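As the structure lists them, so they are numbered: ligands from 1, and atoms in each ligand from 1. Fair warning: this is a prediction, and the values are worked out from it, not measured in the lab. Side chains included, hydrogens not; waters and symmetry mates left out as well; all remaining heavy atoms used.
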Amino acid sequence: MKLTRHEHNPIVVPGGAEWRRAAVFNPGVIRVGEKFYMYERAAASLRPFQTSIGLLESEDGVNFSPVMDRPVFTADMLGFPGGSVEDARVVQIDGLFYMCYALQPYSFDCWPTGTGLPAYYPEHYPEWADNKVEPMITRSGIAVSEDGIHFKQLGYTTPAEIDDRDNALFPEKIGGRFAILRRPMQYVGERYGTNTPGIWLSYSHDLLEWTEPELVAVAENIEWEGTKIGAAATPIKTDRGWLVLYHGVDAQSVYRVGALLLDLDNPAKVIGRTREPIMEPETYYERFGLVLPNVVFPTANLVIDGTVYIYYGCCDTCIGLATVPLEELLASLAYAS
Ligand code: BMA
């Protein structure tokens, strides 16, 4: 199976408005009618490395332009003026727009080392300590909108004390309840049945109260996904099951992409999985960036005329697009556990 990278990659790059000058990455993308809307994560600077969500639009899913001159969603709107909202995964359910986002409530600095992992410094920002929150911990939530532009906070999906991100809401209710994939970092050890952080599932009647997470999938191939895995984007409903792209991280913090097939009625049950990554950092913009090298990080997938459009962040710096025929991707899910 071969993914095709778009010839205009990276299709969205930083620049222009002040708040997206340093980096744009990890976008949510939806299609409304014939139009594509992209919710990019955007940073104005690296010190502080503070991100908000900006809105772009496109007629063809490739050439995007800004809709407005300010972000549509910020941590300030949640009461955390120095914080970051991150990795918007947006889905439309019953006419409303739901944005799953990650929140880092306070500022931190990012110092790229140029050769490997950047260093993140929360030390310059005492709010972390004042609020007795672990530096760098991420909480996740859902914001809702009627028009895709004006979002308001609906509620948090995860508790404040644990690091839980990579939230992706299913595009419809399952058995009468909303369902969400998540990645609670601290759910490791004997009690949880896994040694590595993985993909978990919770249900809710109202998007406010969520059931205790149940385990869906953890790393199987230690070599490329042994550090952790997390859901990439909104699950895609197919006649064979829910198709879920996910990212896997290796011991050197290289981010690759795999795919799962989940049972339609019980998505905690994995019925198919790719053995090898379907995508890994190859091109220059996937291997070198302003922040972290060697990262392909999909956060959106759309099926258009039988083709899956995969939108992904590259090294926390810019945005790429890759496509693959849906049938080919499903056929690559040979392994069933
Ligand atoms: C993950 C998240 C993403 C980020 C990626 C690479 O853990 O923080 O938002 O793109 O790391 O830095």
List in chain and number order the residues that pass salt bridge (charged side-chain N to carboxylate O under 4.0 Å, His left out) with Asp109, two or more places apart in sequence or in another chain; answer none if no residue qualifies. none
Mind listing the closest non-hydrogen atom pair of Phe73 and Tyr101 along with its distance? CE2-CD2, 3.6 Å
Pair Glu286 + Arg5, salt bridge at N-O below 4.0 Å: yes
Any salt bridge between Arg273 and Glu225, counting N to O under 4.0 Å? yes
So ring pair (Phe, Tyr, Trp, His ring centres under 6.0 Å) across residues 41-63, not counting sequence neighbours, yields none
Report each N/O pair between ligand 1 and the protein that falls under 3.5 Å, naming both atoms.
| unit_1 | atom_1 | unit_2 | atom_2 | d |
| --- | --- | --- | --- | --- |
| ligand 1 | 7 (O) | Tyr255 | OH | 3.2 |
| ligand 1 | 8 (O) | Arg165 | NH2 | 3.4 |
| ligand 1 | 9 (O) | Asn26 | ND2 | 3.2 |
| ligand 1 | 9 (O) | Arg41 | NH1 | 2.8 |
| ligand 1 | 9 (O) | Asp87 | OD1 | 3.4 |
| ligand 1 | 9 (O) | Asp87 | OD2 | 2.6 |
| ligand 1 | 9 (O) | Arg165 | NH2 | 3.2 |
| ligand 1 | 10 (O) | Asn26 | ND2 | 2.8 |
| ligand 1 | 10 (O) | Asp316 | OD1 | 2.6 |
| ligand 1 | 11 (O) | Tyr255 | OH | 2.9 |
| ligand 1 | 12 (O) | Asp316 | OD2 | 2.8 |

Under the salt bridge (charged side-chain N to carboxylate O under 4.0 Å, His left out) rule, collect the residues that match up with Asp166, sequence neighbours excluded. Arg89, Arg183
